[in-house]
Amino acid sequence: AGDDPACRTLALAGVGRVGITGEEPVETLRGWLDDARAAAEAIGDRATESSALRRLGILALRQRDWDAGEALSVRSQRLCEAIGDERGARFALANVAQAAAGRGESARARALYRDCLERARAAGDRLQEGMLRLNLGWIHATRAEWDDARAEGRACVRLARALGNHRTLAFALWNLPEPMLHHGDVEDAARLLAFAARFWSERFGPLDDDDQRYLRELRAAIAARLGASRADDLAAEGALLSLERAVALALA
């Protein structure tokens with residue numbers, strides 16, 4: 001970029017945008033994005049400023065700093081709306097919903113996600129619609145709204161599969177066994193849970209501590225219904241499913 005402030009702004013924003021998807025240290029990312037935000041503000045590049053603010057908000061949410069995450073996301077949303085960036089505004093609004101969920105404000109999070117979903121559907125943004133349905137399904141599950149959790153999860157599976165979005169699909173397949181279990185589909189829940197754990201690990205890396213806890217709790221609930229031996233047999237069967245068969249199981 002040299003001494004060109006516009007190029008430097010874009011370079012900082014770009015490295016922050018790429019870095020946030022990987023394993024860069026939080027402080028390194030925050031430094032890049034803070035510098036990008038300040039540089040963008042100085043030259044009046046509101047699009048880059050809003051993008052940097054949104055990603056700073058994502059960093060705060062990852063650190064479970066819900067207040068900072070919401071404040072940064074709201075600033076990003078307002079800037080996006082001011083420059084007519086409707087898609088950016090929707091993504092920022094979804095992050096506000098995530099902050100609300102993190103604080104335990106599930107009813108508010110659900111309302112915000114629904115608002116965002118309607119905007120995405122009106123814009124024909126099927127990629128974001130799938131992501132939002134995933135989030136709504138998770139919120140419904142935290143509220144023990146199992147019918148809605150299963151419906152949103154299935155809708156997400158259909159969209160993600162149609163678009164070839166395997167990351168969102170992996171999340172949806174991972175989340176669906178819990179509402180399936182609560183609906184009495186215990187054997188299919190056991191199969192899908194085993195597939196989802198394998199699919200995520202092979203595609204996206206090891207399960208984290210929260211995922212391992214979810215896996216143990218659901219396996220224990222399944223074993224309590226079916227017996228340990230039957231649960232183990234179904235898990236072994238599910239781990240060998242093809243993706244097409246697992247999707248069919250999720251939608252059955």
Side-chain angles (χ1 to χ4, degrees), residues 64 94 97-98 100-114 117 129-161 165-241 243-252:
R64 299 179 183 271
Q98 184 181 344
R103 281 197 297 266
E105 300 168 359
S106 62
R108 177 172 176 247
R110 182 181 57 184
L112 288 168
Y113 277 133
R114 283 178 175 168
L117 175 62
E129 180 185 349
M131 296 164 64
L132 290 164
R133 289 194 180 281
L134 175 73
N135 293 338
L136 265 172
W138 170 68
I139 288 293
H140 286 306
T142 66
R143 297 172 59 83
E145 297 166 348
W146 302 116
D147 286 346
D148 289 333
R150 185 172 62 171
E152 293 295 354
R154 286 174 169 175
C156 178
V157 167
R158 292 187 188 96
L159 277 166
R161 188 63 177 142
N165 183 354
H166 280 188
R167 187 175 180 86
T168 297
L169 178 62
F171 272 117
L173 294 174
W174 176 252
N175 288 348
L176 266 171
E178 187 175 18
M180 290 169 67
L181 175 64
H182 284 278
H183 275 274
D185 302 329
V186 186
E187 294 195 350
D188 283 348
R191 293 184 182 97
L192 189 60
L193 180 65
F195 172 84
R198 190 207 88 201
F199 186 65
W200 182 272
S201 298
E202 288 179 353
R203 296 289 182 115
F204 304 109
L207 302 175
D208 65 21
D209 290 344
D210 288 340
D211 292 331
Q212 292 286 359
R213 182 166 53 253
Y214 169 86
L215 187 61
R216 287 193 302 271
E217 290 174 354
L218 273 192
R219 281 177 172 170
I222 290 166
R225 301 271 194 98
L226 300 175
S229 177
R230 179 59 176 157
D232 288 345
D233 288 345
L234 290 167
E237 182 183 324
L240 298 176
L241 291 173
L243 177 57
E244 290 302 325
R245 178 67 187 122
V247 167
L249 199 66
L251 299 178

Handout entry: Shortest non-hydrogen contact between A197 and L215, atoms and distance
Key = CB-CD1, 4.3 Å

Practice task
Compare all side-chain heavy atoms of W138 with those of E152 and state whether any distance is below 4.5 angstrom.
Solution key: no

Problem - Heavy-atom pair with the smallest gap, counting every atom of C156 and T168 - result: SG-CG2, 3.5 Å

Problem - Sub-4.5 Å side-chain heavy-atom contact between E187 and L226 - result: yes

Exercise for the section: Would you mind checking if R230 and D233 are paired as a salt bridge, meaning a charged N to carboxylate O distance below 4.0 Å? Expected result: no

Fill in the blank from the handout: Between L192 and the options L249, D185, L181, the side chain to side chain contact (heavy atoms under 4.5 Å, CB included) test singles out L249

Handout entry: Minimum heavy-atom distance I139-S106, with the two atoms named
Key = CG2-O, 3.8 Å

Exercise for the section: Please answer whether the main-chain N or O of L241 pairs with a side-chain N or O of R198 as donor and acceptor at a distance below 3.5 Å. Expected result: yes

Exercise for the section: Determine whether L193 and W174 make a side-chain contact, defined as any pair of heavy atoms from C-beta on separated by less than 4.5 Å. Expected result: yes

Problem - Close side-chain approach of W200 and R167, heavy atoms under 4.5 Å - result: yes

Handout entry: Salt bridge D188-R150, side-chain N to carboxylate O under 4.0 Å
Key = no

Handout entry: More than 12 heavy atoms of other groups within 6.0 Å of R64 CZ
Key = no

Practice task
Could you please spell out the steps behind the side-chain contact (heavy atoms from CB on, under 4.5 Å) verdict for L173 and L243?
Solution key: CA-CA 10 Å; L173 294 174; L243 177 57; 4.1 Å; yes

Exercise for the section: Compare all side-chain heavy atoms of R213 with those of D210 and state whether any distance is below 4.5 angstrom. Expected result: yes

Fill in the blank from the handout: Shortest non-hydrogen pair, P177 vs Y214, comes out as CD-OH, 4.2 Å

Practice task
Report yes if the side chains of Y113 and Q98 come closer than 4.5 Å at any heavy-atom pair, otherwise no.
Solution key: yes

Practice task
Would you indicate whether D209, at its atom CG, is surrounded by more than 12 heavy atoms from other residues, nucleotides or ligands within a distance under 6.0 Å?
Solution key: no

Problem - Pairing of D148 and R110 as salt bridge, 4.0 angstrom limit - result: no

Exercise for the section: Kindly say whether G130 contributes a backbone atom to a donor-acceptor pair with the side chain of R158 at under 3.5 angstrom? Expected result: no

Handout entry: 4.5 Å side-chain heavy-atom contact, L134 and M131
Key = no

